[in-house]
S.K.: 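Let me begin by handing over the structure; questions about it come next.
So that the names make sense, note that chain A is the first sequence line, chain B the second, and so on, each numbered from 1. Keep in mind that what you see is a predicted model, and the values were worked out from it rather than measured. Note that these values count all heavy atoms, side chains included, but never hydrogens, waters or copies made by symmetry.
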2 protein chains.
Amino acid sequence: MDEKPHGTRPGMADVARLAGVSAQTVSRTLSGHPNVREHTKAKVLAAVEELGYRKNDAARVLSSGRSHTLGIVVFETMFYSRSAATVGVETAAHRAGYTVSAVTVASMDSTAIQAAMTRLSEHNVEGIILALPLVQVNKGIEDLTRAIPTVCTDGSRTASTHVVTVDQHLAGRMATEHLLSLGHETVWHVSGPESWIEAGGRTQGWRETLEASGRFVPPALQGDWSPASGYQNGLILGRIPDVTAVFVASDEMAFGVIRALHELGKRVPEDISVIGVDDIPLAEYCSPSLTTVAQPFGFIGERAVERLIAAIDDPQTPAETELIEPTLIVRSSTGAPAAAS
Amino acid sequence: MDEKPHGTRPGMADVARLAGVSAQTVSRTLSGHPNVREHTKAKVLAAVEELGYRKNDAARVLSSGRSHTLGIVVFETMFYSRSAATVGVETAAHRAGYTVSAVTVASMDSTAIQAAMTRLSEHNVEGIILALPLVQVNKGIEDLTRAIPTVCTDGSRTASTHVVTVDQHLAGRMATEHLLSLGHETVWHVSGPESWIEAGGRTQGWRETLEASGRFVPPALQGDWSPASGYQNGLILGRIPDVTAVFVASDEMAFGVIRALHELGKRVPEDISVIGVDDIPLAEYCSPSLTTVAQPFGFIGERAVERLIAAIDDPQTPAETELIEPTLIVRSSTGAPAAAS
DNA sequence: CCGCCAGGGGCGCTGAGGATA
DNA sequence: GTATCCTCAGCGCCCCTGGCG
């Protein structure tokens, strides 16, 4: 009469009963503890198999106090960098025995970010990766970063967040120097949204490089990372006679720019050179193939996870900023300017 | 002396004590239950605020038996369709009050998929979305799909999985008919990996359309979704004099094909027309802009989640297959063939 | 009698100590 | 003493019952 109702998921007690051991022993064999005889282990495993037992994470987390889960907050966008970052984090975390739980945020104001972090903390994550810029930090976020180890993969930070990020300033410099070294008088720029610290870094690197070599610094145009916004800005740039080189803050916008230039009858790179940032998979295969500053997304994810786990293991770990160097990849969208008329 | 150790997260009991009510009352106000006086509610909320209390999901799940979490299994790839599908599911789930937990799988054999589903079930997900083809189904997967409502967004299925998928057969037909209607004698094809049911459907739609109108059916070339594989196949196609139209199973491969054709001195669409599938963000902005068969990823995610939740609410819901129609988007990579020599 | 709240029991698992060889 | 196993007491929360106005 004390039949389990149909469809109920078997628990550890059921396994224990079938194997003729205590629940504790089942727990130990399942978590690879020592001090369990081979024979016993076999019996337990057989019972698990027969019952189709699957462990209950909620119970495990509640009881042990550890979730072995990392949280990641990403900005809702379909663009390459988003998924690249997530994938990098996921594989690194998985390798370290952690699961990652992602929450997407639709806007970047502090309330939304705080809500996302709270959700993650309710899920008992042991650490959080912020894959977006922390534009404004409110008290709630401040508290959360104090309570839970946090690493940011954008330049921004609070007092207690660790940072692992690409040196965007350097990226801007590399792109600009590449163009200058090709013989261009100056370099124009299409930036990302100003709320992104990443975008700001690139713009700054570009401007300072230009200033350092005494060139004219053109006004920066601004896009929103989308190909469409690149296209719009390309329509403007293509109408300015002086323009011979453009540094675009992302590959996707760069293709938009190129497209607009084509429509205006400008050739790339013969008339105008264009360089992007990211090195998306298509960068090599669109026409012309795109010269770009590659960001090592996988490596960033890896380092971010490593740092986060270190901070989890020892909360005293001091919060530092780690800068990763990007790589220039020269393809065929950049070249020397046409001989002056 | 019975001080809480520093750094310990406050529990509901702490809140209750501070507010001078029982833990039960805290629970009720927090889950929006009726039968709590305004005044009491306010006291509780104040205490929550002061303590920085965040609810503990593990405990809630364990105790209530409900996790309000959906699981999704995706194939590890950086390509567009992957993230598009995930985003669609995430937003739809979120709107319905569910969280989604994703697990990435590196290979598509049944063992890997079973492992992924098991992990999800250990996380107590209430339903699972399989965003990959179920090539081979073993007993473990069979059991899991029986125990947990499952919907597949690829054509494949077990006896108890629901299916929401794009009509790939139709996609293949639409692409082929478009090319034929432009006046091409026949259409060549670069397919996806044969293990993907999606790829198979497109290929089949292409072949049958050709057969139906009595055209020559060229041998299908095969890629692996990557731009590089498209490029390789393009290098082959561009050397075959007869080729005037190519149906490529994904946009990313299509750009690879176009690139190769350019290198071989062929113009697109003047010499050869190329059509892709997916409608990635860049399709409109690369040169030439790509004619393609768009897949409504967002809508798929939405429908998949709806169906899944219906199945969770009523496990008796019969498993059906829902086919979603793709859309032809004509841009500038396809055109009429050059007048016969 | 109904609206509001407190208390006990238990979800499935693990950590600590004791018992048995 | 050492290897193996078991009993016991919670983890933080929600459901149920019942008492108080």
S.K.: In this structure, are over 12 heavy atoms from other groups packed under 6.0 Å from B/Lys55 atom NZ?
M.R.: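 Count not over threshold, so no.
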S.K.: Between protein and nucleotides 13-15 of chain D, what N or O pairs are separated by less than 3.5 Å?
M.R.:
| residue | atom | partner | partner atom | Å |
| --- | --- | --- | --- | --- |
| D/dC13 | OP1 | B/Tyr53 | OH | 2.4 |
| D/dC13 | OP2 | B/Met12 | N | 2.5 |
| D/dC13 | O2 | B/Ser63 | OG | 3.2 |
| D/dC14 | OP1 | B/Arg60 | NH1 | 2.2 |
| D/dC14 | OP2 | B/Ser27 | OG | 2.6 |
| D/dC14 | O4' | B/Ser63 | OG | 2.6 |
| D/dC15 | N4 | B/Gln24 | OE1 | 2.8 |

S.K.: Can you name the closest pair of heavy atoms from A/Arg9 and B/Asn124 and give their distance?
M.R.: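 Here A/Arg9 and B/Asn124 meet closest at NH1-ND2, 4.0 Å.
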S.K.: Mark yes when over 12 heavy atoms from residues, nucleotides or ligands other than A/His68 sit less than 6.0 Å from its NE2; otherwise mark no.
M.R.: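 More than 12 within 6.0 Å, yes.
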S.K.: For A/His68 and C/dC13, what is the distance between atoms NE2 and P respectively, to the nearest whole Å?
M.R.: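 Computing the A/His68:NE2 to C/dC13:P distance gives 16 Å.
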S.K.: Assess the side chains of A/Ser160 and A/Thr145: does a donor N or O sit below 3.5 Å from an acceptor N or O?
M.R.: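 Result is yes, a qualifying pair exists.
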S.K.: Between B/Glu142 and B/Lys139, does at least one N-O distance fall below 4.0 Å, as a salt bridge requires?
M.R.: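 The answer is no: the pair does not qualify as a salt bridge.
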S.K.: May I ask you to say what A/Thr25 touches in the nucleic acid, namely base, sugar-phosphate or nothing, with a heavy-atom cut-off under 4.0 Å?
M.R.: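 Touches sugar-phosphate only.
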S.K.: Under 3.5 Å for both distances, Watson-Crick or G-U wobble, that's the pair rule; now give the dot-bracket for DNA chain D, with | marking pairs to another strand and [ ] for crossing ones.
M.R.: .|||||||||||||||||.||
S.K.: Could you state the atom-to-atom distance from CG of B/Leu51 to P of D/dG12 in whole Å?
M.R.: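 Rounded to whole Å, this separation is 13 Å.
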S.K.: With a non-hydrogen cut-off below 4.0 angstrom, is A/Val61 in contact with a base, only sugar-phosphate, or nothing?
M.R.: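 Contact class for A/Val61: none.
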S.K.: Tell me the interatomic distance from A/Lys41, atom NZ, to D/dT4, atom P, rounded to whole angstroms.
M.R.: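 The answer, rounded to whole Å, is 9 Å.
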S.K.: Could you tell me the separation between the CG atom of A/Asn35 and the P atom of D/dG1, rounded to a whole number of Å?
M.R.: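 Checked: the CG to P distance equals 17 Å.
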S.K.: Write down the distance between CZ (A/Arg37) and C1' (C/dA21), rounded to a whole number of angstrom.
M.R.: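 In whole Å, C/dA21 C1' and A/Arg37 CZ are 9 Å from each other.
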S.K.: Using side-chain contact (heavy atoms from CB on, under 4.5 Å) as the criterion, point out the one residue from A/Val103, A/Leu144, A/Asn138, A/Leu132 that pairs with A/Ile113.
M.R.: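 Among A/Val103, A/Leu144, A/Asn138, A/Leu132, the one meeting side-chain contact (heavy atoms from CB on, under 4.5 Å) with A/Ile113 is A/Leu132.
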S.K.: Using atom CG of A/Leu62 as one end and atom C1' of D/dA9 as the other, report the distance to the nearest whole Å.
M.R.: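 Going from CG in A/Leu62 over to C1' in D/dA9 covers 13 Å.
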S.K.: Write down the distance between CZ (A/Arg17) and C1' (D/dC5), rounded to a whole number of angstrom.
M.R.: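 Atom-to-atom, A/Arg17 to D/dC5, this comes out as 18 Å.
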S.K.: Contact between A/Phe75 and A/Arg82 at the side-chain level, heavy atoms closer than 4.5 Å - yes or no?
M.R.: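 No, too far: nothing below the 4.5 Å cut-off.
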S.K.: Between B/Arg303 and B/Glu306, is there a side-chain N and carboxylate O pair less than 4.0 Å apart?
M.R.: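 Yes.
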S.K.: Classify the ring geometry of A/Tyr80 against A/Phe297: parallel below 30°, tilted from 30° to 60°, perpendicular beyond 60°.
M.R.: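 Answer is perpendicular, since the angle exceeds 60°.
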